[in-house]
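We count residues from 1, following the sequence as given. Counting starts at 1 for both ligands and their atoms, following the listed order.
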Amino acid sequence: MSGGAGDGAILITGGSGFLGALAAAKALAETEATVVLPVREPHTRESVLGPIATELAAEGRPVTDAVLARAVVVPLPPPERIAELAPEMKRLGVRDVLHCAGCLSYFNLGKLQEGNLDLTAGLLALGRAIDARRFVFLSTAYSAGFTDQLIPEALHEAYGDDPTDYTRTKREAEWLVARSGVPYVIVRPSIVIGDSRDGRYGGKPYGIYQLWTAGERYLGNGYPPVLHVVAGDQPVNFVHQDAFKDGFWAAYAKLEDGAVVHLVSRDDALPTMRDLWELWLATHGGPSEVHFFKRLDDVPDADVAAQVRMWLDFTAINNEIASVRWKFARARLDALRAGGLALTDASLATVRIAQERFVADSPKLQAFIARYREQGATTPRFVVHPDRSLERG
Ligand SMILES: NC(=O)c1ccc[n+]([C@@H]2O[C@H](COP(=O)([O-])OP(=O)(O)OC[C@H]3O[C@@H](n4cnc5c(N)ncnc54)[C@H](OP(=O)(O)O)[C@@H]3O)[C@@H](O)[C@H]2O)c1
């Protein structure tokens, strides 16, 4: 088949999570289809539909009883019993499966195995049992592991070291999908950030929100006189949640079977970590001196204030990922764009909108900024340290 989103009901996993809820809102807005949302306990129909309705309303879409009645929330069995849903899914007319559930607990091997591998295997068994027309798997742009090569829009035969078992389990899940016999499309987003227009963000503190949340927690009571941060000059690839929604839907509706697509922003406008720090400091005032290091290993342990050490430890993996120059092939996304898909690329200006929204939603940061302004905000002296990883070999 070329292109999904035909007639029939659509099953979407991860409806209780960030990206699954966005996909569900899009499905309700774009189609007249029944949207089936299997979720595990303790979720209820109300808890799942709340964020979906909020997203529809934010897009100016009608949130009528008739629209919400098309969402059917069902209990998700454990992975080995998911195929038992087949008779009910056939009765509901499910043809396509959009598998948006997944586990991002970087260090919990058991949860990663269950949420990324066992769950995907269970859903593929269901896909086979209902003779699914299309199975869209939501993966990650980082499933290749660390590499300085161009990352192809293809399954990874070769791969680099993994930042954590998260990327390994996502890569292995891609192979499960590809070998399942079910017609599939794989969508690999980079780091999802709030809406490009108003900054609203429905996700957990992942990606840049982990760094901002850590900033609020560890630096939100006051800066040490000298701040040591990891801030390279590589572009960091964000994709806005509105771009995710539209790009994911276009991939589902338009790509050919077996396609893999990187849902990423174009490199030219993307901010670097250094830009992101300067944006944060311009908003929050700053300490008298800020030292920028290219990599976490370059930060001199002895000089670092205790709260900054906690910040660095908490954000270590994401800082490590952001220290690398990731090059994502983009031909499929470019083709979708050429065919009419309109996406806003992430840039310093649009990330600023997301940061402003984050700050506006944080009483602690509001108070912090007010205090700094009262004191007369300092303009910090910036010290940029060279990349010492080559010296270390
Ligand atoms: N957020 C990003 O920036 C980003 C970027 C690239 C790729 N992705 C991929 O997108 C997927 C969803 O991310 P997200 O941001 O929406 O995460 P999220 O908000 O944490 O949502 C995860 C969803 O998956 C479900 N889930 C997790 N483990 C499960 C399990 N063992 N059994 C059943 N359901 C399970 C969760 O159900 P519960 O509510 O019951 O926990 C929730 O519905 C992930 O696979 C991730 O790899 C995300």
Practice item. Please test T272 against V236 for side chain to side chain contact (heavy atoms under 4.5 Å, CB included), starting from the C-alpha separation and ending with a verdict. Key: CA-CA 6 Å; T272 64; V236 187; 5.6 Å; no
Exercise for review: For Q241 and V192, indicate whether the former's side chain and the latter's backbone hold a donor-acceptor pair under 3.5 Å.
Suggested key: no
Exercise for review: Do me a favour and list the nearest non-hydrogen protein atom to atom 45 (O) of ligand 1 with residue, atom name and distance?
Suggested key: K170 NZ, 2.6 Å
Check your understanding: Can you tell me which residue and heavy atom of the protein come closest to atom 46 (C) of ligand 1, and the distance to 0.1 Å?
Key -> Y166 OH, 3.3 Å
Review point. Do G102 and ligand 1 have an N or O pair less than 3.5 Å apart?
Key: yes
Point to revise | Identity and separation of the nearest protein heavy atom to atom 16 (O) of ligand 1 | key: L19 N, 2.8 Å
Check your understanding: Where on S139 is there a heavy atom closer than 4.0 Å to ligand 1, on the side chain, on the backbone, on both, or on neither?
Key -> backbone
Point to revise | Note: R295-E320 ion pair, threshold 4.0 Å (strictly below) | key: no
Check your understanding: When you look for heavy atoms under 4.0 Å from ligand 1, do you find them on the side chain of A21, its backbone, both, or neither?
Key -> neither
Check your understanding: Can you tell me if OH on Y206 sees more than 12 non-hydrogen neighbours from other groups inside 6.0 Å?
Key -> yes
Exercise for review: Could you tell me if any non-hydrogen atom of A141 lies under 4.0 Å from any atom of ligand 1?
Suggested key: no
Review point. For atom 5 (C) of ligand 1, what's the nearest protein heavy atom and its distance?
Key: S190 O, 3.0 Å
Point to revise | Closest protein heavy atom (residue, atom, distance) for atom 18 (P) of ligand 1 | key: K204 NZ, 3.3 Å
**Study point:** ring-ring contact (aromatic ring centres under 6.0 Å, His included) partners of residues 100-131, not counting sequence neighbours, each pair once
**Key:** Y106-Y166
Check your understanding: Who's the nearest protein heavy-atom neighbour of atom 17 (O) of ligand 1, and how far?
Key -> L104 CD1, 3.4 Å
Practice item. Compute the shortest N/O to N/O distance between L76 and ligand 1 and return yes if it is under 3.5 Å, no if not. Key: no
Review point. Can you find a non-hydrogen atom of G203 under 4.0 Å from ligand 1?
Key: no
Review point. Taking only heavy atoms of Y206, which atoms of ligand 1 are found under 4.0 Å from at least one of them?
Key: 1 (N), 15 (O), 17 (O), 18 (P), 20 (O)
Review point. Can a salt bridge be assigned to the pair K111 and E114 using a cut-off of 4.0 Å between side-chain N and carboxylate O?
Key: no
Check your understanding: Is any side-chain heavy atom of R45 less than 4.5 Å from a side-chain heavy atom of V72?
Key -> no
Practice item. Determine whether any heavy atom of F244 lies closer than 4.0 Å to an atom of ligand 1. Key: no
Practice item. Verify side-chain hydrogen bond (donor to acceptor under 3.5 Å, both in side chains) between H240 and T344, making sure each step is shown before the conclusion. Key: CA-CA 7 Å; H240 283 290; T344 302; over 6 Å; no
Exercise for review: Would you mind telling me which of W212, W311, F293 makes a ring-ring contact (aromatic ring centres under 6.0 Å, His included) with W277?
Suggested key: W311
Practice item. Could you go through the ring pair (Phe, Tyr, Trp, His ring centres under 6.0 Å) check for Y142 and F328 one step at a time? Key: CA-CA 9 Å; Y142 302 94; F328 302 112; 5.5 Å; yes
Review point. What atoms of ligand 1 come closer than 4.0 angstrom to any heavy atom of G17?
Key: 19 (O), 21 (O), 42 (C), 43 (O)
Practice item. May I ask you to decide whether D195 forms a salt bridge with R197, counting only side-chain N to carboxylate O separations under 4.0 Å? Key: yes
Point to revise | Where ligand 1 meets L138 - atom numbers and elements under 4.0 angstrom, heavy-atom basis | key: 10 (O), 11 (C)
Point to revise | ligand 1-proximal atoms of V192, by part, heavy-atom distance under 4.0 Å | key: both
Check your understanding: At a 4.0 Å cut-off, with the gap strictly under it, does some heavy atom of C100 reach an atom of ligand 1?
Key -> yes
Practice item. Identify, for atom 36 (C) of ligand 1, the protein heavy atom at the shortest distance, and state residue, atom and that distance. Key: S16 OG, 4.0 Å
Review point. In terms of side-chain geometry, is the basic nitrogen of E289 or R381 positioned less than 4.0 Å from the acidic oxygen of its partner?
Key: yes
Practice item. For H43, counting its heavy atoms only, list the atoms of ligand 1 lying under 4.0 Å from any of them. Key: 38 (P), 39 (O), 40 (O)
Point to revise | Proximity of V39 to ligand 1 by residue part, where a heavy atom lies under 4.0 Å | key: neither
Check your understanding: Tell me, which protein residue and heavy-atom name are nearest atom 28 (N) of ligand 1, and how many Å apart are they?
Key -> R40 NH2, 3.5 Å
